[in-house]
Structure formats: C-alpha cells, structure tokens
Amino acid sequence: MGIALSARAVFHRFWPFTRGNRRWLAVGSVLLIGAAACDAFAVSMFARIVDDALRAGDISGFWRPALMWVGVAMLSSILVFGGEYLTTRTGERFLLKLRTKVFAHLHRQPPDYFERRRPGDLLARLTDDVDTVERFVGSGLVQLVTALFSVAFFAGYALYLSWELSLAAFVVVPLFSWVTRRFARHINTRSREQRALNGDITAILEESLANVTVVQAYNRQETEASRLRAAGLRMLSTNLSIARLSGLYAPVVHMAQTVSVLAVIGLGAWEIAAGRISLGGVLAFAAILTSLYAPVQQLGQLRVLISAATTGSERIIELLDAAPPLTDGSTVLSNARGSLSLRSVGFRYPDAPSPALSSLSVDVRPGELLAITGPSGAGKSTIAKLLLRFYDPATGAVALDGIDLRDLTLESLRSNIALVGQQTQMFHGTIYDNIAFGSATATFPDILRAAAAADAHDFITALPDGYSTVIGQHGHGLSGGQRQRIAIARAMVADTPVLVLDEPTASLDAHSADRLLGPLRRVATGRTTILITHDLRLTANADRVLVLTDGRVAAHGSPADLLAADGPYRALHTLA
Ligand SMILES: Nc1ncnc2c1ncn2[C@@H]1O[C@H](COP(=O)(O)OP(=O)(O)OP(=O)(O)O)[C@@H](O)[C@H]1O
C-alpha cells in the first residue's frame, strides 16, 4: 500500500476500537487537564509570594500563597496519577481489542494468503505496529488534549498578566511551528522505513530459527548472521537518523524558549519602570514561558509520534482490508450423515497458470473409504482444501449431505470434518492438550480411548511425565510416527462423521508407516473417509480408489477392479 494515510484517516479508522472505554479516556483527560490548571495556578502563587513577601520584605504575605501552592501541588500529583493510570488502562484495552481483531481476521484467510507472506513480517505487524497505533489513538489523544489545554491555560494567564509581554514572547510561535513541520516530514519518511525494516528483521529471525536444521546442516550460520546484520545495519542507520532529527528538535525548541524568556525579562524591566506590571508579574511571566516548554515540546513530539503511527497503521489496515475470499453460509448442520459429492468441480489457485482441478465429479457414501491417488501435482490435496472450504470451487459445487458447502456455516462444516495432514502440527503444551485440541468438550476417558485406538497410549505412558509430557511446537522428543499417532488420536477425539487424511504416511519410513495402518483403519471405521495417498498399501484397504492426473479423473473403481484393468492404477503399482 503505497498511499500515505493522513492522521485524520488513521484516527477515523481506529477510533471505533476505543468504544466501551471512551468514558475512561474522557475522565483521564479531564484529570490531566485539571493537573495543568493546578500548575498554572501554582505560578500565580509564585507571583504573589514575589510581590507580597519578597519585594515587600514581609513574611506575613508568604504563608497564605505558600500553603495554597502546596495544596495545588498535592492536588496536581493526585490528578496526574489518576489521569495517567486511566490513560494507560484505556490504551491497554485498545491494544487488546485491536490485536485480537487483526489476529481473528488473519485466521479467516485461506492458506495461500500465508504462503505468499513472511510470517515474521505478520508478527511485527501484530506486535510493534499495533503498539504505534495505540500510542496515537489511545494515549496520544489524551496527551494532545492535555498539552493543548496546558498551552491554553499558560498562554491565557500570560495574556492576563501583560498582552505586551505576551506579544513579545509569542513572536517565536510561527517559527516554531515551521520548524516542527519540517522535522515531522523528515521523521515521517524515516519512520516508514523503520516500520518496514522492523518487519524484515522479525521475518529473518523467524525464518532462520524455524529452519535451523537446514541452516546448520548446510553450514549457513554465517550467511544467516550476515543477512540479519545487513538488515540490522539498515535499521541502525534509520534509527540514528531519527535520533539525530529528534535530538536536533529539542535544542531548537530550547533555544527559541531561551530567546523568548530573555526578551520578556528585558522588556519586563521597561514595563516595570513604566508601572504597567509588578516584579512578581514579570517573574511569573518568565515562569510561565518555562512551564510552556513541556507541553509545547510534547505537541511537537506528538507530530513525530503521529508520523510513526500513520505508517504503522498503513501496515495494519493492509491486513484488515484483505477481505477473506469466503462468505459464511447460514445453514447449520449439526450432525452430518457424511455423504459427500463433488459435481463438475473446477478450481485454479490465485495467480496459477493452469487449473488444479477440471470438471471433477465424484460421490462418496456415508461411511465409505475413498482413496485418492495419482502423481504429484495432480490436485489431490486441492480436493482436501475444497472439502474443508479453505477455497470455493470456481465452477461446479461441493456438497455435504446434499447441501452446498457455501450454504453451510463454516463452523458447522468444519465441526463435521476432521483433518490429519502430512506433517503433524503441534502446539507448545502437553500431549494431553495436543490430543484434546480435537474437541473442546473431550473428557479424560475420551482422550485415553482415542490414544489407545491410535496406538499412542503405550508410548505416551512410557514417557516420564506420561500425558503431561510437554512437547514443543514441532513435537520435540517424538518420532514422526508417534506424532502422526497423536494426530490420529486428535481426529478420533473430534469424532466427526467425515475424515480427511492427506498423505498421513508420506513423511514416515516403511516401518513407521506400517505401524500406522491399524490406527488409520480404526479411525476411519464408521466415518466417511477421504484418504489422499501415494502409498498403495493404504489404497488397497479402500472401498474405492480415484486416480487423478492433471486435475481430472484418470480412473475410478474398487482397488481390485483397477488393479485388474490395464490402467493408470496398475501403472502406479508397477512404478512402486
Ligand atoms: N497455493 C498454491 N498456489 C498456486 N498453485 C498451487 C498452490 N497449491 C498448489 N498449487 C498447484 O496446484 C496443482 C495441484 O496441487 P496439489 O497440491 O493439489 O497436488 P497434489 O496432487 O496434492 O500433489 P502432491 O502429491 O505433490 O502433494 C499443482 O500444479 C500445484 O503446483
């Protein structure tokens, strides 16, 4: 997304995420505005002390304003505490809401969406970029309002004290605003680079650590380190450039402030001589200018912050605007019988040169075991993706129990189908949790039964912590076959009428694959099963076999009939 968003557009887009917390945001702002008013009042007490006690040399003029000063200082501290706490509270809630929404939106995207993107860059968007948006729309807004009120209070009091001195002090304002604008423009460009580089660095880290075995096996540690270093150096130079700009900005503001304070004091001497202002008034005026420094600088820094937020927002909006290609149906099917049908199904992946499936038709009866085999790239896994409705067919229709999948709610469709893939995907957690992932309502006996049927119970109980053994995201400590048996137990626990097994033995050696035959048979019993496989020992157990070539049905029938005929199935056997 090349277009730079305006701060207004960002605000408009993300303001709805403050819903439910706006009251607290408003209360926080009011408290902080109150604190600013207290500070302005404290300056007026200082003026009184100068005039009534110091200049008059009379201690009796000291006590009252001094006590009032202490009182407002205490009140201001309490207001600042409450205001900052409420601002952080609403900011944190905003973050939680936005991140959850972006995360849920990502979970509605099809697999190829993730295949085309770098996971690390997505992670950076979900973490750092979401943070920058919060710093603008949540806490940034409160800072803006408070700083504006502080400036208004101090400037109002300055005008009340002397409009002549105010005029002298405020001549630097247009110059100041010009400088701020110039700084913000440069920082904006750098911030955009910084956000993109942050995505790059997270992507390199994620990619490199996820592929650590390949990196080590091919001795590519140095290359990976230099890849990170190159991106890190670009980040370093961008950050230094931002630091230089921000670092220059503060002294420029400070100089402007010093010049205006000195101008006021010089002019003040003249005004005192003319009897238009007291010494206390001039000193209070100088104190006001010093107090103005913080909110004015804060306003300038907000521009910088808004620059970072707009670039972060662009990266979040890009994710949120990627409409999921599927619309949810409305029919709820709670317990399907399990008949499946594909009618003249055609499908092409986005940007693929040729279709993955063409005019494919097949019916599967409830409880039937249909094996799908064929050469690599024939379209077998694509059928699995259409059955789970990761994609919709371009032509024709896929139906469960005679209902077009597009009419079913995605949730009810997927609650009727369990998937066991080629590589078992695990979560960091116990073996028990990994099996229970199949069903939110599974009980301990259900898990034990499923593990036993999947031939997993014995190896699990032989582990020192049994079902409580913690396994990593990649099934650390388990063999490929053991991981697949856990996946089968997970599918058993889901207890769905339809089961899709996508090359369950593909990553296993012959011995481990043999050990999986029994569990696979058990999990398939009583369920409509689509078994995608190259393994001809598995297809031999099927009721029917569908041989696919180039997205079309090349042969179709019982394993025995297909083997007897001189067709593609027998050719596959000969090759094996
Ligand atoms: N995400 C994708 N984007 C573009 N083309 C794809 C995508 N996934 C698969 N394809 C293409 O679609 C065709 C069918 O792929 P599919 O994965 O269904 O084949 P398969 O029969 O399961 O192969 P294998 O046995 O190697 O797993 C192939 O030509 C493949 O290159």
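Atoms within each ligand, like the ligands themselves, are counted from 1 in listed order. These numbers come from the heavy atoms of this one structure, side chains and all, not from hydrogens, waters or symmetry mates. Index from 1, following the sequence.
The structure places CD of Gln194 at 7.5 Å from OG1 of Thr311, a figure rounded to the nearest 0.5 Å.
The distance from ligand 1 to the heavy atoms of Thr382 drops below 4.0 Å at these ligand atoms: 14 (C), 15 (O), 16 (P), 18 (O). Within ligand 1, counting atoms from 1 as listed, the ones closer than 4.0 Å to a heavy atom of Glu503 are 24 (P), 25 (O), 27 (O). Ligand 1 places these atoms under 4.0 Å from at least one heavy atom of Glu115: 1 (N). Close contacts between ligand 1 and Ser381 involve ligand atoms 17 (O), 18 (O), 20 (P), 22 (O), 27 (O) [criterion: under 4.0 Å to a heavy atom]. Set against the non-hydrogen atoms of His534, the atoms of ligand 1 under 4.0 Å away are 25 (O).
Here ring-ring contact (aromatic ring centres under 6.0 Å, His included) pairs that include residues 104-131, with residues two or more places apart or in two chains, are Phe103-His107.
Residues passing the ring-ring contact (aromatic ring centres under 6.0 Å, His included) test with His457 are Tyr467, sequence neighbours excluded.
Residues Phe459 and Ile486 have side chains in contact (heavy-atom distance under 4.5 Å, counting atoms from C-beta outward). Put simply, the side chain of Leu386 reaches to within 4.5 Å of the side chain of Phe347, judged on heavy atoms. At a threshold of 4.5 Å between non-hydrogen side-chain atoms, the residues Arg389 and Arg406 count as touching.
Side-chain atoms of Arg522 never come within 3.5 Å of backbone atoms of Ala454 as a donor-acceptor pair (strictly under, hydrogens ignored). A side-chain donor-acceptor contact under 3.5 Å links Ser361 to the backbone of Ser344.
For atom 6 (C) of ligand 1, the nearest non-hydrogen atom of the protein is Tyr349 CD1, 3.1 Å. Here the heavy atom of the protein found nearest to atom 26 (O) of ligand 1 is Ser376 OG, 2.6 Å.
Taking a distance limit of 4.0 Å, we find that atom 9 (C) of ligand 1 is approached by some protein heavy atom. For atom 21 (O) of ligand 1, a protein heavy-atom neighbour is found at a distance under 4.0 Å.
Under a 4.0 Å N-O distance rule, the pair Asp561/Arg544 does not qualify as a salt bridge. With salt bridges taken as basic N to acidic carboxylate O contacts below 4.0 Å, none links Arg118 and Glu206.
Considering backbone and side-chain atoms together, Lys380 places an N or O closer than 3.5 Å to an N or O of ligand 1. Among the atoms of Pro350, none of the N or O lies under 3.5 angstrom from an N or O of ligand 1. Residue-to-ligand polar distances place Gly377 within reach of ligand 1: an N/O pair is separated by less than 3.5 Å. For Ala356, no nitrogen or oxygen atom sits less than 3.5 Å from a nitrogen or oxygen atom of ligand 1, counting backbone and side chain alike. The shortest N or O to N or O distance between Tyr391 and ligand 1 is not under 3.5 Å.
In Asp112, the part holding a heavy atom less than 4.0 Å from any atom of ligand 1 is the side chain.
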